[in-house]
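Predicted, not measured: the structure shown is a model, and the values here were computed from it.
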Amino acid sequence: MRKIFIVDTSVLLYDKSSIHSFPENDVVIPLVALDELDRFKEKKGVTGESARYVNRFLDDLRKTGNLHEGVELENGQTIRVALEGFSEVPSGLNGDDADNKMISLALKMTREEEASVIMVTKDINFRVKCDALGIKSEDYYKDKIIDKEEKSYKGFISIDIDEKMKDVIDLFYEGEDVTEDIEDIVGRRLHPNEFINIKCGSQSLLGCKVKNKIKNLKATDKLEEFIGIKPRNREQLFALNLLCRDDVPLVSLTGLAGSGKTFLTLMAGLDGLNKNKYKRIVITRNIQPVGRDIGFLPGDADDKMLPWIAPIIDNFRQGTGDQDLTYFEVMRRSGKIEVAPLAFMRGRTFSDTFLIIDESQNSTIHELKTVITRIGERSKIVLLGDTDQIDTPYIDSLSNGLTIVGEKFKDQEMAGHIQLQRGERSSLSYLASLIL
């Protein structure tokens, strides 16, 4: 049975393809949503691109039919623009607010239409108001791959086995290929670049699925010699393995504050720079201010970005001992280190580059796609973030770009993901992350 979906502006701005994403159903775009789109068309980045795309698409539809009456697409979906029904805003709500006008439209259509009417919005408060008024409402689910955080891909698996199966560990360290045996123990095939930790009493096995074989992690990767730092826990060892491998150009790291995501990544990037694997390190992040916007900060683009990359600078000081940042400034002026807002990445190509995207959990998958598709030859991109600390409206721990990249790339040989689970900044920092 066909449904009627009233699509909010937040959905159209979040994903430009959302306008095509309701096959065999009817899509209604409120006129006030078009007015809101118009205010975003000059904006830089994905949001402005989405606004312009939807406007152009609707303009093209005018050539094939009347938008007020409805135009049918090839997927069986119809699109129409609602021109009236905005005057019955419920008492207690501001009648001039665009969201409230859409609520008025939804109430009118719910009464008059035989088909099920559903409001689709990324705005949580909008959905709450709809529910309070008896209006069916939904989030835009197209990008959500998992429905619970517990199901998110960690990048590793840890298993305890009994004495009867410990021969697998012995054979593994003797150089035998026990991949099938280990996957039988796990109960599934391991993903490419997924790590495995099998424990049996005092014995343990640490391996990584590389190509079609589980390789000995300790025997093949002398990480202390490679970049001069020692991992403090198992997950940091896994992360360093991915950061230092040339055959894994895409790495995503998640974890709580102080787990070492930024420090490990920066040290791996600096080592690659010193060994001439890369010609520069580029650091970027989504600018999601708590107070003032970046435009109010003085100086050029580099100067404006410095407050946002303070965590990177802190880790640079710790890793290099450069307390006065003399080395950092020399590298920045010579182009060896570059800082840039995420919104300015469109149209660029990053070859021979170690690209760090900090606070990736505040980016949508569409913003991250824009950057990942900029990567050229001999480059590596690392996405960092804590999915429990999201400051961007309309995305959450399941729909943010960092989570989606980890899930969508887990079956790809060119990508690896690790969820760091323990804070190593200090005992107090780790305790605070657990109990506060």
Side-chain angles (χ1 to χ4, degrees), residues 193 208 210 220-229 231 236-253 260-285 301-302 305-306 308-309 311-322 325-342 344-360 363 368-385 402 405 409 412-418:
N193 303 315
C208 179
V210 180
T220 57
D221 300 285
K222 298 180 180 178
L223 295 173
E224 291 183 48
E225 297 178 12
F226 195 60
I227 61 174
I229 61 174
Q236 285 194 356
L237 175 67
F238 298 158
L240 281 171
N241 177 273
L242 294 175
L243 290 168
C244 297
R245 282 174 52 189
D246 297 336
D247 61 328
V248 185
L250 172 61
V251 176
S252 54
L253 302 180
K261 305 181 297 294
T262 305
F263 180 75
L264 297 174
T265 300
L266 184 60
M267 292 301 102
L270 287 172
D271 184 80
L273 200 64
N274 292 333
K275 289 182 168 63
N276 295 317
K277 291 168 61 177
Y278 313 107
K279 293 182 179 179
R280 59 177 174 168
I281 298 173
V282 177
I283 306 165
T284 185
R285 60 172 287 179
D302 279 351
M305 280 298 296
L306 286 179
W308 303 104
I309 63 165
I312 297 284
I313 294 175
D314 290 341
N315 281 280
F316 191 92
R317 279 194 175 106
Q318 180 181 350
T320 63
D322 182 23
L325 292 181
T326 304
Y327 181 44
F328 180 83
E329 286 300 325
V330 168
M331 295 186 73
R332 194 161 73 95
R333 293 193 187 107
S334 66
K336 293 288 181 101
I337 292 180
E338 178 187 344
V339 294
L342 194 65
F344 294 174
M345 292 296 175
R346 181 170 297 279
R348 299 187 63 181
T349 299
F350 297 98
S351 299
D352 303 294
T353 301
F354 191 92
L355 176 59
I356 303 172
I357 305 182
D358 198 18
E359 302 292 341
S360 295
S363 301
L368 292 186
K369 178 182 177 181
T370 298
V371 183
I372 295 172
T373 54
R374 302 291 100 203
I375 296 299
E377 297 295 330
R378 301 170 302 281
S379 291
K380 193 181 196 80
I381 180 169
V382 185
L383 312 179
L384 309 175
L402 180 57
V405 167
F409 278 87
Q412 303 301 317
E413 298 280 357
M414 300 176 68
H417 172 81
I418 287 295

Quiz item: How long is the gap from CZ on Arg374 to OG1 on Thr349, to the nearest 0.5 Å?
Solution: 6.0 Å
Quiz item: Can you check whether Arg245 reaches Val210 side chain to side chain, under 4.5 Å on heavy atoms?
Solution: yes
Quiz item: What are the two closest heavy atoms between Leu242 and Gly416, and how far apart are they?
Solution: CD1-C, 3.7 Å
Quiz item: Just one of Thr353, Val251, Leu355 clears the side-chain contact (heavy atoms from CB on, under 4.5 Å) bar with Lys380, so which one?
Solution: Val251
Self-check item: Exercise: identify the closest heavy-atom pair between Ser360 and Leu368
Solution: O-CD1, 4.3 Å
Quiz prompt | Any side-chain heavy-atom pair of Phe354 and Ile281 under 4.5 Å | solution = yes
Quiz item: Once you round to the nearest 0.5 Å, how far does CD1 of Ile375 lie from CD1 of Ile381?
Solution: 4.5 Å
Quiz item: Can Met331 and Leu273 be said to form a side chain to side chain contact (heavy atoms under 4.5 Å, CB included), step by step?
Solution: CA-CA 11 Å; Met331 295 186 73; Leu273 200 64; 3.0 Å; yes
Quiz item: Between Leu253 and Leu402, what is the shortest heavy-atom contact and its length?
Solution: O-CD2, 4.2 Å
Quiz item: What distance separates Ile337 CD1 from Leu270 CG, expressed to the nearest 0.5 Å?
Solution: 6.0 Å
Exercise. State the CZ-CD1 distance between Arg285 and Ile356, to the nearest 0.5 angstrom.
Key: 13.0 Å
Exercise. Given side chain to side chain contact (heavy atoms under 4.5 Å, CB included), test Asn241 with Leu243 step by step and report yes or no.
Key: CA-CA 6 Å; Asn241 177 273; Leu243 290 168; over 6 Å; no
Quiz item: At what distance, to the nearest 0.5 angstrom, does CD of Glu338 lie from CZ of Arg280?
Solution: 5.5 Å
Exercise. Could you go through the side chain to side chain contact (heavy atoms under 4.5 Å, CB included) check for Asp358 and Thr284 one step at a time?
Key: CA-CA 6 Å; Asp358 198 18; Thr284 185; over 6 Å; no
Exercise. Check for a donor-acceptor pair, side chain of Asp247 on one end and backbone N or O of Met414 on the other, with a separation under 3.5 Å.
Key: no
Exercise. Return the minimal non-hydrogen interatomic distance between Ser379 and Pro249, and the atom names on each side.
Key: O-CB, 3.6 Å
Self-check item: Atom pair OG1 (Thr265) and CD1 (Ile357), whose distance is rounded to the nearest 0.5 Å
Solution: 11.5 Å
Quiz item: So do Asp352 and Arg378 actually touch side chain to side chain, heavy atoms under 4.5 Å?
Solution: yes
Exercise. Take Arg348 and Phe350, measure what side chain to side chain contact (heavy atoms under 4.5 Å, CB included) needs, and give me the verdict at the end.
Key: CA-CA 7 Å; Arg348 299 187 63 181; Phe350 297 98; 3.7 Å; yes
Quiz item: Under a 4.0 Å N-O cut-off, is there an ion pair linking Lys279 with Glu377?
Solution: no
